[in-house]
Amino acid sequence: MEDTNQLIEQRRANLAALAEAGIDPFANKFTPSETCGAAKANYEEERLVAVAGRLVSKREMGKTIFAHIKDTSGSIQLFIRKNDVGEEAFKIFKGLDLADFVGANGALFTTKTGEISVKVTDYVVLAKSLRPPPDKWHGLADQELRYRQRYLDLIANDKVRDTFLKRSTIIREIRNFLNERGYVEVETPIMQAIPGGAAARPFVTHHNTFGRDFFMRIALELYLKRLLVGGIDRVFEIGRNFRNEGISRRHNPEFTMLEAYEAYGDYETMMELLQSMICHVSEKVLGTMVIEQKDEEGNVTKTIDLTPDWRRAKYKDLVREKAGNDWFELTTEQRRARATEELKIEVDPEEADFEVTNAVFEKLIEPTLIQPTFVTHLPKELVPLAKLSPEDPDCVEVFECCINGQEIAPAYTEQNNPIEQRERLEQQAGGEQQKLDEDFLVALEHGMPPAGGIGIGIDRLCIMLLGQESIRDVILFPQLKPREE
RNA sequence: GCCUCGGUAGCUCAAUGGUAGAGCAGUUGACUCUUAAUCAAUUGGUUGGGGGUUCGAGUCCCUCCCGGGGUACCA
C-alpha cells in the first residue's frame with residue numbers, strides 16, 4: 001500500500017529512532033515464561049515472570065509509565081520506573097507506539113489500586129507497528145473494515161475474538177465427541193470431476209495437465225458413502241463446501257460442513273447422535289444448555305433451550321397447522337391460490353404441488369422453529385438419497401433439525417439399494433443433462449451397509465451457539481467483493 | 001440480479017445549499033500508583049471516484065465503486 005499519512009510517517013520516524021539507538025525493532029525471539037493471563041492467575045508476590053504481547057495502552061506519569069500488553073490469554077499491566085530500568089531504557093519505552101510488541105521481565109506485584117502488574121526490570125522491543133491501531137475505546141465499527149481486515153477487528157473488539165476462540169473449541173469438542181464414539185475422521189477430494197451429493201451450482205476450476213475442468217465440491221456425501229462400502233463403518237469429515245450462489249446473512253460461498261455416517265444405524269440413530277453432540281458441545285464450550293441472544297444494550301432478545309429431549313413434529317402436521325387442515329385435500333389450483341392470496345408467498349406457476357407445500361414450510365414455518373425441533377416424515381420427492389418409510393411410502397426416513405429458525409442438520413436413513421438409487425438420481429438429473437456419478441453407483445453395487453447419515457452446517461451451528469446474527473460473524477474472512485486497484 | 005440505506009481526519013462520530021468540526025490517537029511540555037489517567041499547547045481533510053446544477057455542493061441531480069439490510073437463486 002502506498003498510502004502514507006502523518007501517523008504512519010511518525011511511526012517510521014520512531015522506527016528510525018530505535019535503530020539509531022542501536023535497537024533492533026524486530027527481534028528474532030523472546031521466550032515468555034507464561035501467558036499474560038497465566039501470570040495473573042498464578043499470582044505470587046515477587047515471583048519473576050517474562051511476559052510478551054502487544055502494547056495496548058500507555059500512561060506516562062513523569063518518571064513512571066503504566067502500560068498494558070495483551071496476548072491471546074488477556075492483558076497484564078506493566079509498571080516501568082526510571083529508577084528500575086535506567087534512564088536510556090526509560091526514554092526508549094516512552095518512545096514506543098501503541099500496537100508495538102514488547103517482551104518484559106520483572107516481578108509480580110499489586111498496585112495500590114489492586115491491579116496485578118509486572119514491575120519491569122528490563123524489556124525488549126519485539127516488533128514495531130508502522131500503522132496506527134483502531135480507536136482504543138470505540139473499537140472498530142466499520143463493518144467493511146472489520147471483515148476485510150479481520151486482524152484489526154480481533155485486536156480492537158474482545159467479543160469478536162472470544163467468538164472465534166469459541167468457534168475453535170466448538171469444532172474441537174465435536175471431534176472429541178465423535179472420536180469418543182469410534183468415528184474415523186477422513187479427508188476426501190475437494191476438486192471433483194462430477195460434483196454430487198446436493199443440488200447446487202458448483203464453482204469451476206481447471207486442471208492444466210489433464211486439460212479439463214474440475215468442480216469444487218458441493219457436498220461430502222458421495223465420497224463418505226464410498227468409505228462405508230470400503231468398510232469404514234463410522235466415518236466423518238469436517239470440511240469446506242463451495243456453492244456458487246448468492247451471499248446473505250445465512251450464506252457464504254464457502255462454508256464448513258460436518259457429515260457423519262454410521263453403518264447399521266438409521267435416521268433415529270442420527271437423531272440421538274445430533275442431540276447428544278450439540279448438548280455435549282454446548283455444555284463444554286458455554287457451560288450451559290440455554291443460549292441467550294442479546295442486542296447491543298445487552299438485553300436478551302432470544303432464548304434457545306437445548307435441554308433434551310427435543311420436540312419432534314411431522315412435516316405434514318406443521319404444514320396443516322400453518323396452511324389449514326384441509327391443505328392436502330385441496331386441488332392444485334386451490335392450493336396455489338391459498339399460498340399466494342392468503343399466505344402471501346410467491347409461487348412459481350411451474351412449481352409442482354410438493355414444491356408449493358415446501359415453500360410454505362421454508363418461508364412460513366422454518367423461521368418460527370426457534371427451539372430445537374426434529375421435523376420428520378418429509379415427502380419423498382424432496383429427498384432422493386434417503387430410504388422410504390415402511391409405515392408411509394409417501395414419506396422418507398429423514399429428519400431436518402431446525403434451531404434458531406434455521407435448518408441446522410438434515411439426516412437420513414441412507415439409500416443403499418443401488419437400483420433404486422440409480423433411478424432416483426436419473427429422475428433428478430432429468431432434463432438438466434447432469435452427469436451421473438457412475439463410480440458412486442458402482443460402489444453401491446458392491447454393497448453398502450444400511451446406515452444413518454447426517455450433515456451439519458457448522459457455521460449455522462456457531463451462529464446459534466454463539467448468539468450471532470450473521471454468518472459473517474462466525475467466519476473469520478467472509479467472502480467480499482475484491483477491491484480493484 | 002432487483003429494492004433500500006450508507007461511505008466525512010488513522011479510529012468513533014457531528015455539520016438548513018453559505019468559513020469542514022469534536023473526542024480518541026499523534027506531536028510538544030508538566031507529573032514516580034495510573035488504568036477511557038489528568039493538565040496546557042498543537043498538527044492532521046481530494047467529504048468513496050467521476051460528471052452536472054448553482055454565485056456557492058459534504059449537503060441537490062446523474063453515474064460508477066464498496067459495504068449493510070431485504071429479496072431472488074440455493075432438492
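Labels below follow one simple rule: chain letters A, B, ... track the order of the sequence lines, proteins then strands, and each chain is numbered from 1.
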Quick check for you: among [options], whose closest atom lies nearest to any side-chain atom of [X]?
| X | options | answer |
| --- | --- | --- |
| A/Thr111 | B/U34, B/G26, B/G67 | B/U34 |
| A/Lys112 | B/U34, B/A72, B/C33 | B/C33 |
| A/Leu140 | B/A37, B/G26, B/U12 | B/U12 |
| A/Asp142 | B/U12, B/G26, B/C33 | B/U12 |
| A/Ala199 | B/U12, B/A72, B/A75 | B/A75 |
| A/Gln10 | B/A36, B/U27, B/G69 | B/U27 |
| A/Gln77 | B/U34, B/C13, B/A72 | B/U34 |
| A/Lys481 | B/G67, B/U32, B/U71 | B/G67 |
| A/Arg472 | B/U34, B/G70, B/G69 | B/G69 |
| A/Arg148 | B/C66, B/C73, B/C11 | B/C66 |

How far, in whole Å, is [M] from [N] if one measures between their [atom1] atoms?
| N | M | atom1 | result |
| --- | --- | --- | --- |
| B/C66 | B/U16 | P | 30 Å |
| B/G21 | B/G1 | C1' | 41 Å |
| B/A15 | B/G49 | C1' | 23 Å |
| B/A57 | B/G17 | C1' | 7 Å |
| B/G7 | B/G45 | C1' | 15 Å |
| B/G50 | B/C55 | C1' | 24 Å |

Figure out the [atom1]/[atom2] separation between [X] and [N], and round it to whole Å.
| X | N | atom1 | atom2 | answer |
| --- | --- | --- | --- | --- |
| A/Arg201 | B/A75 | CZ | C1' | 14 Å |
| A/Arg59 | B/A36 | CZ | C1' | 9 Å |
| A/Asn5 | B/A25 | CG | C1' | 11 Å |
| A/Asp135 | B/A9 | CG | C1' | 13 Å |
| A/Ile65 | B/U32 | CD1 | P | 12 Å |
| A/Ile69 | B/U34 | CD1 | C1' | 17 Å |
| A/Leu7 | B/G10 | CG | P | 7 Å |
| A/Leu130 | B/G26 | CG | P | 15 Å |

What nucleic acid atoms does [X] come within less than 4.0 Å of, heavy atoms only: base, sugar-phosphate, or nothing?
| X | result |
| --- | --- |
| A/Glu355 | nothing |
| A/Lys380 | nothing |
| A/Leu480 | sugar-phosphate |
| A/Arg249 | sugar-phosphate |

Sort out the partner of [N] for me: Watson-Crick or G-U wobble, both distances under 3.5 Å, none otherwise.
| N | answer |
| --- | --- |
| B/G6 | B/C66 |
| B/G45 | none |
| B/G21 | B/C13 |
| B/A40 | B/U28 |

Do [X] and [Y] have side-chain N/O donor and acceptor atoms under 3.5 Å apart?
| X | Y | value |
| --- | --- | --- |
| A/His377 | A/Glu391 | yes |
| A/Glu237 | A/Thr188 | yes |
| A/Tyr223 | A/Asp437 | no |
| A/Tyr315 | A/Asn358 | yes |

**Request:** Could you tell me whether a side-chain N or O of A/Asn42 sits under 3.5 Å from a main-chain N or O of A/Ala38, the two making a donor and an acceptor?
**Result:** yes
**Prompt:** Closest nucleotide of RNA chain B for A/Glu144 versus for A/Leu96: which of these residues is on the 5' side?
**Reply:** A/Leu96
**Any donor-acceptor N/O pair under 3.5 Å between B/U27 base and A/Gln6 side chain** = no
**Message:** Quick check: A/Tyr123 with A/Phe93 (ring centres under 6.0 Å apart)?
**Reply:**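 So the answer is yes for these two rings.
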**Request:** For the pair A/Lys119 and A/Asp84, find out whether any cationic side-chain nitrogen is under 4.0 Å from an anionic carboxylate oxygen.
**Result:**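 No, this pair does not count.
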